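Beneath this line is the structure, given in structure tokens, with notes to follow.
Whatever order the structure lists them in is the order used to number ligands and atoms, beginning at 1. Just so you know, these numbers come straight off a predicted model, no measurement behind them. Note that the numbering runs from 1 along the sequence shown for the chain. Atom set for the values below is all heavy atoms of this structure, side chains included, hydrogens, waters and symmetry mates excluded.
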Amino acid sequence: MEEKLKAEEKKIGMTEAWLRKHRLLYTGATRHPFILSIRDGTVDIAAFKTWLAQDYLFVRAFVPFAASVLIKAYKESDDNTDMEVILGGVAALKDEISWFKNEANKWGISLSNVVPQKPNKNYCGLLDSLTRPEVEYSVAITAFWAIEAVYQESFAHCLGEGSQTPQELKETCERWGNEGFGQYCQSLQNIANLHLQKASDDELKNAEVALLSVLEHEVEFWNMSCASV
Ligand SMILES: Cc1ncc(CN)c(N)n1
């Protein structure tokens, strides 16, 4: 495929080539007004609480998807380290769920009464469709990387130089904006690139569509958090 050759010429991976091609959408997902409002300290706490409660539900739905990627890595990758990187991510989700429960408690949110809003339901529907065994590993790992990378880029931005993130939100930003999580996302991106290099044209098309769907759903998810204030 022409795009693959172009990426090779520029000595960049397929994922980077796609991010460049879809830069506006990627920026929309990683520099959303909600994120910018955390960074400049003007965030509406009601929006933050909505995000927190909805994201708790999302993360629960993310677990089976992550497990499906782990199964695909075991079955379809000839590199053992793929599985270990993904296993690390799956294992961290247990801690993440506990963190959401603790954080909700701190903010006086009862998670047992939270109802998923439409954009959240739609996003979880995408996760569910990507969990199917017939979805190729290269497609699933591309989506997996993109989901993690959006949070990493977004929350790292809230901690960067000149940020005025409120003290009580810093821990949240650290969760995804820390260096270790950044390295984990980089490992996922490397894995995705390696598999995309070997992928058929059809698989490439499916992976690019999956990436675009993730980015669109991420924007909708942030929109949802702001809108319900
Ligand atoms: C909506 C969303 N996207 C990504 C992530 C990072 N796992 C998350 N927790 N929530």
Shortest protein heavy-atom distance from [atom], along with the residue and atom involved:
{"atom": "atom 10 (N) of ligand 1", "result": "D55 OD1, 2.6 Å"}
{"atom": "atom 3 (N) of ligand 1", "result": "E218 OE2, 2.6 Å"}
{"atom": "atom 8 (C) of ligand 1", "result": "Y151 CE2, 3.2 Å"}

Q) Say you draw a straight line from OG1 of T142 to CG of L212; how long is it, rounded to the nearest 0.5 Å? A)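 T142 atom OG1 to L212 atom CG measures 11.5 Å (nearest 0.5 Å).
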Q: Assess the side chains of N190 and Q186: does a donor N or O sit below 3.5 Å from an acceptor N or O?
A: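 The criterion, which ignores hydrogens and geometry beyond distance, is satisfied for Q186 and N190.
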**Q.** Heavy-atom gap I147 to ligand 1 smaller than 4.0 Å
**A.**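 Checking ligand 1 against I147, which is what was asked, there is a heavy-atom contact under 4.0 Å.
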Q: Please tell me if the side chains of V214 and W145 come closer than 4.5 Å, counting only heavy atoms from C-beta onward.
A: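 Sidechains of W145 and V214: no contact.
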Q. Are K118 and E220 side-chain neighbours, meaning at least one heavy-atom pair lies under 4.5 Å?
A.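 The answer is no; the side chains never approach within 4.5 Å.
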Subset of ligand 1 atoms that lie under 4.0 Å from at least one heavy atom of [X]:
{"X": "V59", "answer": "9 (N)"}
{"X": "Y123", "answer": "1 (C)"}
{"X": "E148", "answer": "6 (C), 7 (N)"}

Q: Report yes if the distance between the aromatic ring centroids of W107 and F48 is under 6.0 Å, otherwise no.
A: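 Ring-ring flag for W107/F48: true, centres closer than 6.0 Å.
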Q) Under the salt bridge (charged side-chain N to carboxylate O under 4.0 Å, His left out) criterion, do D55 and R60 qualify, and how do the steps go? A) CA-CA 9 Å; D55 212 38; R60 293 190 76 87; over 6 Å; no
